[in-house]
Amino acid sequence: MANREREDSDDGNPRAKRPKIEGEANGKTRAQNGFGGDAANDPSKNPYLQHRYPQATGGGGRLDNSMRHKTTTKATEALENGPNNPFTGSKFSQRYMGILQTRRDLPVHAQRDQFLDKYQKNQILVFVGETGSGKTTQIPQFVLYDDLPHLNGKMVACTQPRRVAAMSVAQRVAQEMDVTLGEEVGYSIRFEDKTGPNTMLKYMTDGMLLREAMSDNNLSRYSTIILDEAHERTLATDILMGLLKEVVLRRPNDLKLIIMSATLDANKFQKYFHNAPLLAVPGRTHPVEIFYTPEPERDYVEAALRTVLQIHAIEPAGDILLFMTGEEEIEDACRKIRLEVEEMVRESDAGPLTVYPLYGSLPPQQQQKIFDPAPPPNSHGGRPGRKCIISTNIAETSLTIDGIVYVVDPGFSKQKVYNPRIRVESLLVSPISAASAQQRAGRAGRTRPGKCFRLYTEKAFKEELIPQTYPEILRSNLSSTVLELKKLGIDDLVHFDLMDPPAPETLMRALEELNYLACLDDEGDLTQLGRLASDFPLDPALAVMLIVAPDFYCSNEMLSLTALLSVPTLFVRPAAQRKRADDMKNLFAHTDGDHLTMLNVYHAFKSDEAQANPKQWCHDHFLSHRALTQADNVRMQLKRIMEKNEIELMSTPFEDKRYYENIRRALVAGFFMQVAKRDGNGKTYMTVKDHQSVLLHPSTVLGHDSEWVIYQEFVLTSKNYIRTVTAIKPEWLLELAPTYFDLSTFKDGEIKRSLLRTANKLKSKEFATKGRK
DNA sequence: GAGCACTGC
């Protein structure tokens, strides 16, 4: 297959040798456009079909397959100037001509020649474009006009780390190209594929491309792949880079790769890709003046509040953005600033200041408020008002707010860290990287020159901050990733060339976990179960739990539960109404634990009573409507995957006394590695094998002091907590996960003694049963 | 008796 591709799609091949393409196979031809082709198979040249092409392209630099990778800026610009859209044959609209002018003013445009030259001559190219250069919208179009992927039944892909970006950029580019979104230009994200048979440029999330790679290891649908925002180093981007590094060798003549990044860290990308050539384009932002504190600040929260108030008191009009680490800190800061400003207004006639919190778990309507205009002066001719947004890192990359002139950067954020020794991911407040600091400062210069107040010394910035945030791959549990890599056909993980190889211990942990889950055999090869599990967009333990659920007669319930476990918290608990919220939660509580409680919530949500007005019902019961509808979406997706793989959907009748027990047993089949046993009669628990002393999270509804529990999450905050817990029986552990609970591998101690007692009890019971027969 | 930085499939 690889050979065929190479031979067929090489530059300048005679058209007669062109392979049959996707669209043609469906009886629809991709040649329904102004590009090339002889009249015989190009309907736009067919005199009987001219009514469908009222404005067929006439004269002036027509493109066809023989020009692939040989186009020039001049010829392409002539095509872009119209009058007809070379991709659709229709006349360009008035709006198109307007947008074309602004596009040509973008910084990238000045280097189109250089770009084309480097793109044509190389298989891999690293492209650095700073904010405002226009790279995300323009480069894919430059590529399209030269790569002509549709002539070979292929596409150009451009990946984004976030869904909203993929959607909104695709929308914009469809406008710029004067085509309908979902036709020539489309996007593909989880839950939504807006592409069609004519799609030649596809924006997608990096995770989506990775999914596709799992079923097509050569990514053969694409002739050019653009990895955008590579500097963010998401897990998916890192794996794609590793994979593509191998794929370009397998497809030397028909795949090109562009790595786009916003930082000057590009040399690292170049080096990684065998010294690929680099093209850098300046951005277009306003200058931002940086101020440091002369001495280190002891209390950054206090310093931040003081700085905001000072800006408000003495700086000219302009909005403020303050970065903090989390919800609690932000809400607290908001309260304090509001109080202080009231006093300033009373005593020194300061202008009004509206304070908005901004963080991910905030409902969308409240997030939207940050875009409200700043308040007007308190009185006619009074001092101007401004707004102050206090935000988590969400405002660093995901959300941009125009009109920010002042940024206050205390230099911290919450970051995920992974400890492979105890297999725990946790969030820690840590100093940001220099790159992050630069990004934050840049937020002040989007609309006009701004100022950034760093609450640390210049020396600290230069000497103490790490240059780049550690990539996610170094900070995560990699069990899903390792499973994905196996599915991608990477057998030798140790020698798989990742840009930043994770710690061997992290890899070992992941391999070990997958082996216990029977997703990998003892040779480290993918098992049938592993292959199935990799088909689900879930953590391996959750996927396994779902796949084996039919053995416990409750796959319907496990399907719902799996969906619920892969969305954010269902329970809403506003600070002012904690008691009422807890009372509502208790309506759904199941004494055996939180998993069963979540299931009760879901079933209640799906009842006729709730569905009559789901939003109101959720509000009344202090449940997150967003989380529940999201869970419903995930459930549908997972259900389709189950059906595809012929995993039976079934339930134990609710009246059956084993209804809940079956569910708890199925939970154990996936999460037998997350078990804790109560220490004596106290409150503390001890995790099995890792021997961590933990407490039940106060949010649990577990109604009795169960000796054995499985837990969903280990949270490291003020104390070590296990969260989302359910009571189980120790004999289930021995029965359902005999390899993991091979007691000869256990350290001596109370856990081992207790499990040995259970094993003996089981044996004598077995003996008794046999004896009766 | 307590939090949940952010994304993604």
Side-chain angles (χ1 to χ4, degrees), chain A residues 159-166 188-193 204-215 229 232-240 323-332 358-362 391-399 412-417 425-430 432 436 439 469 471-473 475-476 480-481 483-484 487 533-540 542-543 562-563 566-575 578-579 581-582 624 627 630 633-634 637-638 640-641 683 695-701 713 715-724:
Chain A
T159 68
Q160 298 293 319
R162 282 166 293 278
R163 284 191 217 160
V164 263
S188 174
I189 59 176
R190 187 182 188 182
F191 305 126
E192 198 183 0
D193 181 10
M204 63 206 302
T205 47
D206 48 12
M208 202 69 205
L209 187 61
L210 191 58
R211 273 278 142 194
E212 284 190 11
M214 287 168 68
S215 51
E229 315 289 359
E232 288 195 28
R233 305 289 309 276
T234 65
L235 249 170
T237 296
D238 269 20
I239 298 165
L240 280 170
F323 285 99
M324 300 221 109
T325 63
E327 172 174 348
E328 203 178 296
E329 206 178 75
I330 288 170
E331 292 292 354
D332 203 44
L358 177 63
Y359 44 86
S361 55
L362 212 59
S391 170
T392 61
N393 255 3
I394 195 170
E396 201 180 293
T397 45
S398 309
L399 266 168
F412 292 94
S413 70
K414 274 192 194 169
Q415 286 165 34
K416 186 172 73 182
V417 286
E425 275 183 353
S426 49
L427 284 172
L428 272 186
V429 174
S430 331
I432 60 170
S436 221
Q439 174 77 11
T469 311
E472 209 184 347
I473 200 165
R475 299 185 285 123
S476 312
S480 308
T481 304
L483 188 64
E484 281 163 13
K487 186 68 197 291
S534 72
D535 215 13
F536 288 89
L538 293 169
D539 274 346
L542 274 174
T562 307
S566 40
V567 301
T569 352
L570 304 181
F571 302 100
V572 180
R573 201 162 178 264
R578 286 190 186 156
K579 177 79 177 66
D582 292 349
S624 161
Q630 220 176 313
N633 249 330
V634 175
Q637 188 191 24
L638 298 177
R640 271 198 300 276
I641 301 174
K683 290 249 179 260
L695 292 169
L696 297 183
H697 195 272
S699 64
T700 190
V701 298
E713 226 182 333
V715 281
L716 240 160
T717 49
S718 53
K719 298 189 180 100
N720 287 351
Y721 288 110
I722 48 177
R723 188 162 52 191
T724 315

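In what follows, every chain begins at residue 1, and chains take the letters A, B, ... in the order their sequences are listed.
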Tell me every residue that passes salt bridge (Lys or Arg N to Asp or Glu O under 4.0 Å) with [X], counting only those two or more places apart in sequence or in another chain.
X      : result
A/E327 : none
A/D539 : none
A/R163 : none

What does [X] touch in the nucleic acid at a heavy-atom separation under 4.0 angstrom: a base, only the sugar-phosphate, or nothing?
X      : answer
A/L235 : nothing
A/R190 : base
A/D582 : base
A/E327 : base
A/K416 : base
A/R578 : base
A/T205 : sugar-phosphate
A/L427 : base
A/T569 : base
A/F536 : nothing

* **Nearest non-hydrogen partners of A/N633 and A/F191, listed with the distance** =>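 Heavy atoms of A/N633 and A/F191 come nearest at O-CE2, 3.7 Å.
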* Structure fact -> Residue pair A/E328/A/E472 against DNA chain B: nearer the 5' end by closest nucleotide is A/E328
* Asked: Among all residues two or more places apart in sequence or in another chain, which pass the ring-ring contact (aromatic ring centres under 6.0 Å, His included) test with A/F571?
  -> none
* Between A/R162 and A/E232, is there a side-chain N and carboxylate O pair less than 4.0 Å apart? -> yes
* chain A on DNA chain B: first and last contacting nucleotide, 5' to 3', under 4.0 Å to a heavy atom? -> B/dG1 to B/dC9
* Asked: Of all residues at least two apart in sequence or in a different chain, which pass the side-chain hydrogen bond (donor to acceptor under 3.5 Å, both in side chains) check with A/K416?
  ->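 Here the qualifying residues are A/S476.
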